[in-house]
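Numbering of ligands and ligand atoms starts at 1, following listing order.
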Amino acid sequence: MRYISTRGQAPALSFEEVVLTGMASDGGLYVPETVPRLSHENLAAMAGLSYAEIAFRVMQPYVGGEIDDETFRGIVRDAYATFSHDAVVPLNQLDANHFLLELFHGPTLAFKDVALQLLGRILDHFLAKRGERAVIMGATSGDTGSAAIEGCRHCDNLDIFILHPHNRVSEVQRRQMTTVLADNVFNIAIEGNFDDAQAMVKASFADQAFLNGTRLVAVNSINWARIMAQIVYYVASAVALGAPHRAVSFCVPSANFGNVFAGYMAYRSGLPVKQFIVATNANDILHRTLAANDFSKRELVATLAPSMDIVVSSNFERLLFEAYGRDGAAVAALLERFQVEPTALAEAPLASLRERFASHSVDDATILEAIREAHHRTQEILDPHTATGYRAAERARADAETPMITLATAHPAKFAEAVVKAGFPGVPLPPHMEDLLEREERYVVLPAELTEVQKFVAENRR
Ligand SMILES: *Cc1c(COP(=O)(O)O)cnc(C)c1O
């Protein structure tokens, strides 16, 4: 399998190169050159298989033989053995035809574990094969750093450095990162805000001289392997509800659009999907674009669903590439204009997107209302991200007959603040995390100065 850039100018790469590369040299994102086919027979044969086996079958064409089948099976099996539910991502039926797909049974209680548990292991495999080591650097405002750390803690060939703003993340969030005491995990509390931390990571990727030739790898959601891992649960959940013999719909709490784009890839491969509903919080660029063709940036709003607080949806570019008939030059022109001024999609691409995608935006007051309403009707306590999806699914679904699968992207205990605001007592942490507040922590505090941070990384990598 070859991968090509959404902006049409960068060289095509293999799977191995794409996983190690991140962003394309022309500023675009990599997508597979052809979409593997999931035939009616392929899908029908998945009924009753384990999640790990479905994962192997769905992802194998994307890996394209660059990891031998038995090794890849082992990687997949190990990645999903870290989940605390035997079904890995269980379906929970809310009412006659609305289901929650619980993606939060991984080590850090949010759906990013599904992709990062796999990505860390794939990176480690390729690095071992090449006899290389690599450094991962990332910045987090609180919720996503821990998933990257958990994904890499067992990797022999990777050192991971995660920057978070000192005293500006919650205690539970900090401890999910700093209580991982592995030798290759380094937490850096920056005396500054999230933007300072992110700027230093960006600058380090732009000029990697401080690492003397060691590769710096990005594990953010533009990495193709993360999308690939997420395609699997769309297929597995649809098959569990009767695909390929009947279609389903999905509602996806969205920010950078990586999650819902993975669903779109499953659809393009042949999975029968009637509708995708894109749910957003008050940071509604995706909803404004799909509903009103207003493709423009707005100022960031801090919401009760913080993992969906974004200004720009990086992975939306991958969908635009498809909507524009894979015309990289048109995508590049559109996104260059978008960077400097409010813009709009051309009519034909927008119309094609609207055939499959609906959208709905949910403000903070409505998130609280949705948490209460879902509890009243189903006894479930939803996390605030999942609550945007629950509300959007009820409001924007095309019909009542097609099963609706809303993606539950986080465990409510991880975002207890919103749950308490909605009027519930706190949600206890699951058993494997009960003693989190007593565990030993390890992190360093550094000033928001690029040279200090880079010196620390260069000296501590193994
Ligand atoms: C990252 C995240 C999202 C948004 O996912 P995207 O792939 O960026 O659209 C939604 N909910 C939770 C809990 C998340 O961590």
Atom pairs and distances, side-chain donor-acceptor, residues 406-419, under 3.5 Å, sequence neighbours left out:
unit_1	atom_1	unit_2	atom_2	d
Thr406	OG1	His98	NE2	2.7
His411	ND1	Ala413	N	3.0
Lys414	NZ	Thr108	O	2.9
Lys414	NZ	Asp143	O	3.4
Glu417	OE2	Lys421	NZ	3.3

Between ligand 1 and the protein, which N/O pairs fall short of 3.5 Å?
unit_1	atom_1	unit_2	atom_2	d
ligand 1	7 (O)	Gly258	N	3.3
ligand 1	7 (O)	Asn259	N	2.9
ligand 1	8 (O)	Asn256	N	2.8
ligand 1	9 (O)	Ala255	N	2.8
ligand 1	9 (O)	Asn256	N	3.3
ligand 1	9 (O)	Phe257	N	3.0
ligand 1	11 (N)	Thr409	OG1	2.9
ligand 1	15 (O)	Lys112	NZ	2.5

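Aromatic rings from Trp224 and Phe15 are positioned such that their centres are separated by 6.0 Å or more.
Put simply, the side chain of Val185 reaches to within 4.5 Å of the side chain of Asn187, judged on heavy atoms.
Salt-bridge formation is not detected for the pair Glu322/Arg318: no Lys NZ or Arg NE/NH1/NH2 atom is positioned less than 4.0 Å from an Asp or Glu carboxylate oxygen. Remark: Arg337 does not engage Glu341 in a salt bridge, criterion side-chain N to carboxylate O under 4.0 Å. One finds a salt bridge joining Arg153 and Glu150 here, because a Lys/Arg side-chain nitrogen approaches an Asp/Glu carboxylate oxygen to under 4.0 Å.
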